Each structure stands twice: as structure tokens, then as C-alpha cells.
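Have a look at the structure below, then the notes.
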Amino acid sequence: MSENKNLIQGRTGLWEVVIGLEVHAQVNSKAKLFDGCSTDFGADPNTQVGFFTAAMPGMLPVINHLCVDQAIKTGLGLNAVINKFSVFDRKNYFYADLPCGYQISQFTRPIVSGGYLDIDLEDGESKRINITRLHLEMDAGKSIHDLHPTKTYIDLNRSGIALMEIVSEPEMRSSAQAMAYVKKLRSILRYMGTCDGNMEQGSMRVDANISLRRPGQPFGTRAEIKNVNSIRFLGQAIEFEIARQLDILEDGGEIVQETRLFDPGKGETRSMRSKEDAHDYRYFPDPDLLPLRLTDERINAIHATMPELPDAKRQRLMAEFGLPLYDATVIVSERETADYYERAVAALTAKDKVQGAKQIANWLMGDVFAAMNRDNKTVETMPLEAKNLAGMIDLILDNTISGKIAKDVFLKMWESGKAPAALVEELGLKQITDASVIEQAVDEILTQHADKVADYKAGKETLFGFFVGQVMKATQGKANPGMVNDLIKKKLS
């Protein structure tokens, strides 16, 4: 894809946007990175704080090997290099919610280097975004400022939770590309089960580095937007920042290197701290943790547990079932949706599996998604079992019910959770395929509307739909639509 598509026309010429992202992804683990405290979300404040988390004197970190395995797995899923030797460092700074006065992180020797992911763009093209590194680190606690007018409260439940900081190269050129990157990364992490991706709960947070430059020129001075916890907010924050920097540069000003916060209520970013206030973290290797040494056996064992990831699954669905790129992309975007789809396809009894698979895709992206949105359900909580959706498709394909009747069957299944065959029998919805019965209904309609038949034969061919509609109405929607069409054509010819 040509980067020229994303150039911005200013008053003084063209500008290019440069975006790099740092994503903090919480590792899926029941225990924290360096002690056994619980990581459950929503617990009462300071109920998940151990001696190490509270920085009691003499407490030593004990590494959680599951968190290390999850980082390795994530690196493999991002096509990266797993470093067999990495080091934990102390990143020294004072926050009230960081009682030990330093954060254990990785600086010079991260556990994962390099890698990439391919993002899907709105125009159907894709773009490869390279990844610089992934390192493990512990999260800080939380300062709560809005419970008392003059006091700040501290909750250390999050302190010590394992994070994977995933740093991209500055290769995104628009807010849409940045949003597509986070969406794709979130999907991959959820497929692998290494992060739940719940951005509203803080499981994924994004720092965006944004700058503008003239095409072909060196990078401009960047501003960093911290801790954005929604893909939609990320897009809004980047758009605001692009406009802000463009105004300054077009007026001949200079961008100040600074850290900014996004205010979703006002839809704007505001300065948090400038470069002059930036921390000097004084990194040094943590003396209480040995370097992390990984073996080929451990990496290979984790590799053997890798699931099929979204891009591979999309290609397989397209190859096996002939799904269009759009359908396959929508279905694989969430692992739960893809799993549901595959369970439904597996439950089909129709001989034409390809036709059935396409129909399931159509219903899933249409009526099922609409019902889920209407009732605020997810694939995991909705009442429609995959086998019942497949059963309804089978009834359509063997002409037991029409597509129109299927709409009613779907609603009844959604309300009752009953199997489609039972509902069709119970409600008398079986499709009429007896040619003599349909012909009788057609004859009656044409007789009742002789004047319109004359108009049709005089050239008003748009009346054909009227006759079809009247027959379907007379048969309560049960007549086979194809047979109705054929018979009306025959009678009017």
C-alpha cells in the first residue's frame, strides 16, 4: 500500500503522520509476576496484597513461570525471536502507588525481540507492522483521587500484576492503521489466551507516540499519549493530536516533546509532563533476580500448544468453504465467534457443506449479530446454540422451511432455546411444496385480480411481485417461493 494515500494536505504543503504504539497487555495468570497474590478483577481494595507487593523489608521476588511461558507464547504468535537469555532490571522512580520505589522491568535484554503482525485496512489491503520488542514487567498500584476532597487513597491490588509491554516500530501512518493494529493485536492475544484483552478493565492499555514530518524527511518531534483504554478513544486521541500538531507546524511553531493525556469527555489531549520533567530511571539489573535462561525444549513445548491464529484460520475458512474475504475476516476477528461458527458448520447434516457454511456465515453476521446487539449478549451468553443454527440451515436447504419462515423460526429459537425442527412441527411452519396446492393458490389469486393480470399482460411487469406476495400471504408464507415464481410465470405467459 502506498503511504501517499495517507498524506495530509496543509496550507504550506503535504505532511506525513508517524505513529508508534506501546501496548501494555496484562498476562493471563491467576497470580502476580513475583508473588502468589491473586489477580482477580474487581476485588475490594488492598485485599490482594502480599508482603512483596507491599514492599515489606527483606521480601524477595519469586518469578511466576506461567507468566514467562505466556510471554514466550505471545512472542511466537507475533513471529518474533524468543531470547534464551534475558534480564530483569529495576526502573527507579517514585509513585505513591509503587511502595518499593522501583518497577521490575526488562530494559537492555528483553525476553522477546522483533516480530510483526499484518493489519487489515479498510480498503481490503493489508500492511505489515514490525514489532521492536516485548518485555515483561510488573504493574504499579492505583492512586484514587476522587473519593475525598483533600486525600488520595492507594489500592495496591494491581501492583505486581504481570504486564507484557509490546512496542511497535513507528510504521503506522493514520489513526485507522493504529486502531487496526490494536484490534489485530488484541485478537491474537485472545486467541492464544495470553491476555483477555478487556480494555475497559485495564487489561490492555495503549501509549501512542505521534509526530508529523514532511514526506521523506527525518522524524519530527513526537508527543506521547498515555494509557488509552479503548480502541475508539485511541482513534479520537490520535486525530486530535494530528490536528493540534498540524496547526502548530503550519504556523511555524515547534512541537514540544511531552507526555499527554486523552480526555474522552472533551475529546482532546492535554499536557501531562514535558521532556524537561521526564524521569531518569537509573535502570540497573535487579540483584534479587537471576537472569532468565530459556531452553529450546521449553520454547518448543510452548510452540506445540499454539492454536490456529486469525490469519491462518481466515485462509482456511476461505479455502474450505469458499467464504469471501470479508465474511472470513469478520468471523475470525474474535476467537469465540470463530469457534461458534465452526461448531455450527460441523453440526450441519446437509450434503452441500459449502452452501450451508455460507448460509451460516450470512445468518451469523446478520440476524444473530443483530439479536446479540439488541439484547446486549455475547457469543458466549446468547441463547442460540450453534447446533440449532445449523439445524435451521439444514431445514432451509432441504426445503422444509423457506427463508421467510426461517426468520420466524429464528426468533422463536432465540426466545425459547428450542431446536428448530421441534418448533417447525409445533407451530406448523413446514413449507408447502405440493405443486397442486400451490397451483390452486396461484389460480385463486390470479382470478381475484383479473384486472391486474390484464395490466401485467399489457406491459406492467412490475406487478409480478404483487402476485407473488399475494400467494405467499394466502399461504401464510409457507409456499415454496421458487415454485410460486415458476407457476406464476407459467400462468401469465
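Please read all numbers here as calculations on a predicted model, not as lab measurements.
Between Lys32 and Asp139 no salt bridge is recorded (no basic side-chain N to carboxylate O distance below 4.0 Å). A salt bridge is defined here as a Lys NZ or Arg NE, NH1 or NH2 lying under 4.0 Å from an Asp or Glu carboxylate O, and Asp97 with Arg158 fails to meet this definition. The pair Arg11-Asp251 counts as a salt bridge, with a side-chain nitrogen and a carboxylate oxygen less than 4.0 angstrom apart.
Here salt bridge (Lys or Arg N to Asp or Glu O under 4.0 Å) pairs that include residues 82-95, with residues two or more places apart or in two chains, are Lys84-Asp296, Arg90-Asp286, Arg90-Asp288.
Considering only residues two or more places apart in sequence or on other chains, Phe51 meets the ring pair (Phe, Tyr, Trp, His ring centres under 6.0 Å) condition with none of them. For Lys353, the salt bridge (charged side-chain N to carboxylate O under 4.0 Å, His left out) test picks out no residue, with sequence neighbours left out. A search for side chain to side chain donor-acceptor pair (under 3.5 Å) contacts involving Asn130 returns Glu171, not counting sequence neighbours. The salt bridge (charged side-chain N to carboxylate O under 4.0 Å, His left out) check on Asp247 picks up nothing, with sequence neighbours excluded.
No more than 12 heavy atoms of other residues, nucleotides or ligands sit less than 6.0 Å from atom CD of Glu122. Applying the 6.0 Å contact sphere to CD of Glu254 captures no more than 12 heavy atoms from other residues, nucleotides or ligands. The local environment of CZ in Arg222 is sparse, with at most 12 non-hydrogen atoms from other residues, nucleotides or ligands closer than 6.0 Å.
Aromatic ring orientation, Phe233 versus Phe262: tilted (interplanar angle from 30° to 60°). Between Phe34 and Phe88, the ring-plane angle classifies as perpendicular under the 30° and 60° cut-offs.
Side-chain atoms of Thr194 and Asn28, non-hydrogen and from C-beta on, never get closer than 4.5 Å to each other. Side-chain contact check for Val62 versus Phe52: every heavy-atom pair is 4.5 Å or farther apart.
Of the N and O atoms on the side chains of Asp367 and Trp414, not one donor lies less than 3.5 Å from an acceptor on the other residue. Remark: the Ser126 side chain and the Asp118 side chain contain no N/O donor-acceptor pair separated by less than 3.5 Å.
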Would you tabulate the side-chain donor-acceptor contacts of residues 320-333 under 3.5 Å, counting partners in other chains and residues two or more places apart, or write 'none'?
from   : atom 1 : to     : atom 2 : distance (Å)
Glu320 : OE2    : Arg316 : NH1    : 3.4
Asp327 : OD2    : Lys358 : NZ     : 2.8
Thr329 : OG1    : Arg314 : NH1    : 3.1
Thr329 : OG1    : Leu325 : O      : 2.7
Ser333 : OG     : Val330 : O      : 2.8

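Between the side chain of Asn79 and the backbone N or O of Tyr116, at least one donor-acceptor pair lies under 3.5 Å.
When each of Asn83, Ile131, Ile82 is paired with Ser113, the side-chain contact (heavy atoms from CB on, under 4.5 Å) condition holds for Asn83 and for no other. Applying side-chain contact (heavy atoms from CB on, under 4.5 Å) to Leu249 and the options Thr221, Ile255, Thr12 leaves one that passes, Ile255.
A cation-pi arrangement is absent between Arg213 and Trp15 under the rule of less than 6.0 angstrom and at most 45 degrees off the ring axis.
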